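Sequence lines set the chain letters: A, B, ... in the order given, protein chains first and strands last, and positions in each chain run from 1. Predicted model, so just to flag it, every value in this text is computed and none were measured.
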Number of protein chains: 2
Amino acid sequence: MPSTSDTHALTMLVRKLESIAILSDEERQAILNLPAKTRVLQPGQDIVHDGDKPSQCCLILKGWACRYKIIGEGKRQILSFHIAGDVPDLQSLHIHTMDHSLATLTEATVAFIPHDNLRELIAQHPGIAAAFWRDTLVDAAIFREWLIGMGRRSAYEHMAHLFCELYLKLQAVGLAGSYCCPLPITQVDLADALGLTNVHVNRVLKQMREQSLITLRGHTLVIEAWDELSQVSEFDPTYLHLEKRAAA
Amino acid sequence: MPSTSDTHALTMLVRKLESIAILSDEERQAILNLPAKTRVLQPGQDIVHDGDKPSQCCLILKGWACRYKIIGEGKRQILSFHIAGDVPDLQSLHIHTMDHSLATLTEATVAFIPHDNLRELIAQHPGIAAAFWRDTLVDAAIFREWLIGMGRRSAYEHMAHLFCELYLKLQAVGLAGSYCCPLPITQVDLADALGLTNVHVNRVLKQMREQSLITLRGHTLVIEAWDELSQVSEFDPTYLHLEKRAAA
DNA sequence: TGTAAAAATTGATCTGGGTTATGGCCGCCG
DNA sequence: CGGCGGCCATAACCCAGATCAATTTTTACA
């Protein structure tokens with residue numbers, strides 16, 4: 001677990017924010033001037049834990065992470081997936097106690113930025129504050145869509161919907177190919193995200209393979225039939241709010 | 001549907017914000033100076049609809065409202081409940097297209113405040129901006145908790161958890177009595193929020209009554225055994241982030 | 001105060017997804 | 001290079017909650 005100061009990491013944050021807002025040169029430079037300490041984490045390692053009161057935020061640079069919570073005798077619910085450019089605990093700036101945990105799913109590189117510096121940044125750059133706020137609102141929109149999937153979609157539809165979502169999110173930050181993208185997680189992870197068991201995830205995946213909607217080779221997802229996949233899950237990308245917009 | 005200008009409505013907004021942040025006299029006054037148009041709506045009436053691009057936010061003054069989305073052939077998922085003091089479409093300030101609808105559940109009084117005035121307010125008062133941001137973050141925390149309920153709790157646990165949540169939220173704005181609070185919604189509404197059928201909601205309610213956890217008279221919920229209710233649902237109020245805090 | 005619609009209740013039956021269990025594959029480490 | 005642990009796969013059986021179908025109670029309003 002080496003710990004180094006790495007300003008270059010912040011270009012990932014600039015890229016992410018520019019995917020949802022328009023930044024001025026000055027704003028871009030202010031972000032790049034943030035201090036950041038980069039670390040490499042092993043798969044399955046906690047970054048922040050339920051109940052913590054963090055004094056820094058974490059920026060994912062490489063690999064996948066997830067928010068999750070454990071209830072009962074070890075039942076896990078994954079609340080969101082996170083990829084390069086995400087700041088999954090941005091809410092800790094305004095909500096001081098973590099109500100869930102954050103962990104890596106794969107080996108991952110993450111950068112840590114102190115709250116103090118982020119607060120100063122948003123105090124001096126309202127445009128950046130608006131972009132961050134917007135980012136947390138898109139996050140909430142994704143929670144809502146997951147709620148709909150859990151409550152009112154079948155396992156098959158829900159999973160198809162998730163694949164559509166992940167593909168578009170990865171594409172938006174340049175991490176997807178043509179109808180194919182990395183999916184470096186296990187079936188257990190998928191199950192815990194979808195509110196299913198690993199056994200049933202396996203059954204549904206088999207079905208989707210049989211109907212030639214997808215293939216899953218190693219750790220990459222290939223979408224063989226985007227139209228069908230998005231149709232069976234009634235996928236409407238509006239909720240991802242991917243169009244670039246002026247912050248103010 | 002009378003339409004009048006009613007500055008007095010804004011004291012509800014001040015009260016709500018003061019339940020999650022500390023406001024200065026100047027900030028309080030700035031909020032009270034907002035323009036607001038008040039209307040009385042019938043139960044089941046849409047306030048904003050999926051796909052709209054609103055130019056104002058709505059503040060609930062009386063009655064209950066909910067966010068919801070319809071999928072498939074009329075399946076409804078309720079995403080959140082809203083009570084007096086809530087601004088359920090605050091996110092429309094930064095996310096321009098609605099990805100869900102907002103409707104009344106009971107007869108309700110709501111006030112409308114133009115985006116332009118809200119934007120000016122938060123531009124001039126960073127403390128208010130922070131309080132609003134925090135409010136949307138608590139919203140997201142509630143979505144996460146609902147996700148956990150849908151994914152990993154039984155119907156019984158999930159419903160018990162919801163009752164604990166609603167009671168505390170109503171209490172926080174002075175709308176609950178001693179272990180009793182209004183619950184002016186139908187079993188169908190409850191089912192659509194919990195991702196169940198009305199039939200099963202009825203059976204679970206019966207069970208909860210039989211075990212003397214609650215009683216449901218008319219439109220008020222009486223919690224007969226708070227400790228048991230919160231225990232069976234592993235209810236931990238942290239995620240509501242109700243403690244009052246300085247915004248900055 | 002009658003009466004019609006909305007809401008709650010209950011029973012019978014069915015099914016999507018859970019549970020339990022077992023075996024195969026593959027990569028890693030000793 | 002052999003054994004062990006993580007992950008994937010599949011089979012057999014089970015159950016929480018869905019579906020379908022009435023019936024009763026409450027509410028709203030003429």
Side-chain angles (χ1 to χ4, degrees), chain A residues 42-45 64 71-78 103-107 149-162 183-210 214-221 232-233, chain B residues 42-45 64 71-78 104-107 149-162 182-210 214-221 232-233:
Chain A
Q42 291 311 299
Q45 203 172 332
W64 282 39
I71 70 157
E73 297 306 321
K75 281 176 288 182
R76 178 177 67 155
Q77 177 65 50
I78 287 181
T104 57
L105 288 167
T106 66
E107 182 179 288
M150 296 264 212
R152 293 295 182 230
R153 285 194 243 267
S154 69
Y156 190 91
E157 295 162 352
H158 190 185
M159 191 149 140
H161 199 278
L162 178 61
L183 190 73
I185 61 176
T186 68
Q187 292 183 5
V188 171
D189 297 330
L190 262 182
D192 287 348
L194 295 168
L196 300 169
T197 57
N198 55 343
V199 176
H200 198 61
V201 162
N202 188 280
R203 285 194 276 247
V204 173
L205 280 172
K206 185 183 175 185
Q207 239 187 301
M208 289 178 68
R209 260 186 258 111
E210 280 169 1
I214 60 154
T215 57
L216 216 41
R217 282 193 275 79
H219 280 158
T220 86
L221 167 71
V232 301
S233 59
Chain B
Q42 291 311 300
Q45 202 172 331
W64 283 38
I71 68 157
E73 297 305 323
K75 281 177 289 184
R76 178 178 67 155
Q77 177 65 50
I78 287 181
T104 58
L105 289 167
T106 66
E107 182 179 288
M150 296 264 213
R152 292 296 182 232
R153 285 195 241 266
S154 70
Y156 190 89
E157 295 162 352
H158 190 187
M159 191 150 140
H161 198 278
L162 178 62
L183 190 74
I185 62 176
T186 68
Q187 294 184 5
V188 171
D189 296 330
L190 217 39
D192 287 347
L194 296 168
L196 301 169
T197 57
N198 56 340
V199 175
H200 199 60
V201 161
N202 187 281
R203 285 197 265 254
V204 172
L205 281 173
K206 186 184 174 185
Q207 240 186 299
M208 290 179 68
R209 261 187 256 111
E210 281 169 358
I214 61 155
T215 56
L216 216 40
R217 281 192 275 80
H219 280 158
T220 86
L221 168 71
V232 301
S233 60

C/dT15 C1' sits how many Å from A/Tyr156 OH, rounded?
-> 18 Å

Length of the line joining A/Gln207:CD and C/dG17:C1', which is rounded to integer Å = 12 Å

Of the non-hydrogen atoms in A/Arg153 and A/His158, which two are nearest, and what is the gap between them?
-> CB-N, 4.1 Å

End-to-end bend of the helix from C/dT1-D/dA30 to C/dG30-D/dC1 (five-pair axes, 10° rounding)?
-> 50°

Which nucleotide span of DNA chain D, 5' end to 3' end, has atoms closer than 4.0 Å to non-hydrogen atoms of chain A?
-> D/dC7 to D/dA12

Here the distance between atom P of C/dG16 and atom CE of A/Met159, to the nearest Å, is 17 Å

Integer-rounded Å distance: C/dG18 C1' and A/Asn202 CG | 14 Å

Closest heavy-atom pair, B/Ala155 versus B/Leu196, reported as atoms and distance to 0.1 Å, is CB-CD1, 3.8 Å

Would you mind telling me which residue lines up with the more 5' stretch of DNA chain C, A/Leu196 or B/Thr186, judged by nearest nucleotide?
-> B/Thr186

Heavy atoms under 4.0 Å is the rule here; annotate nucleotides 19-30 of chain C 5' to 3' with B where the base is hit, S where only the sugar-phosphate is, and - elsewhere.
-> BB----------

Would you mind telling me which of A/Thr197, A/Asn202, A/Asn198 makes a side-chain hydrogen bond (donor to acceptor under 3.5 Å, both in side chains) with A/Gln187?
-> A/Asn202

If every non-hydrogen atom of B/Val232 is compared with every non-hydrogen atom of B/Tyr156, which pair is closest and at what distance?
-> CG2-CE2, 4.2 Å

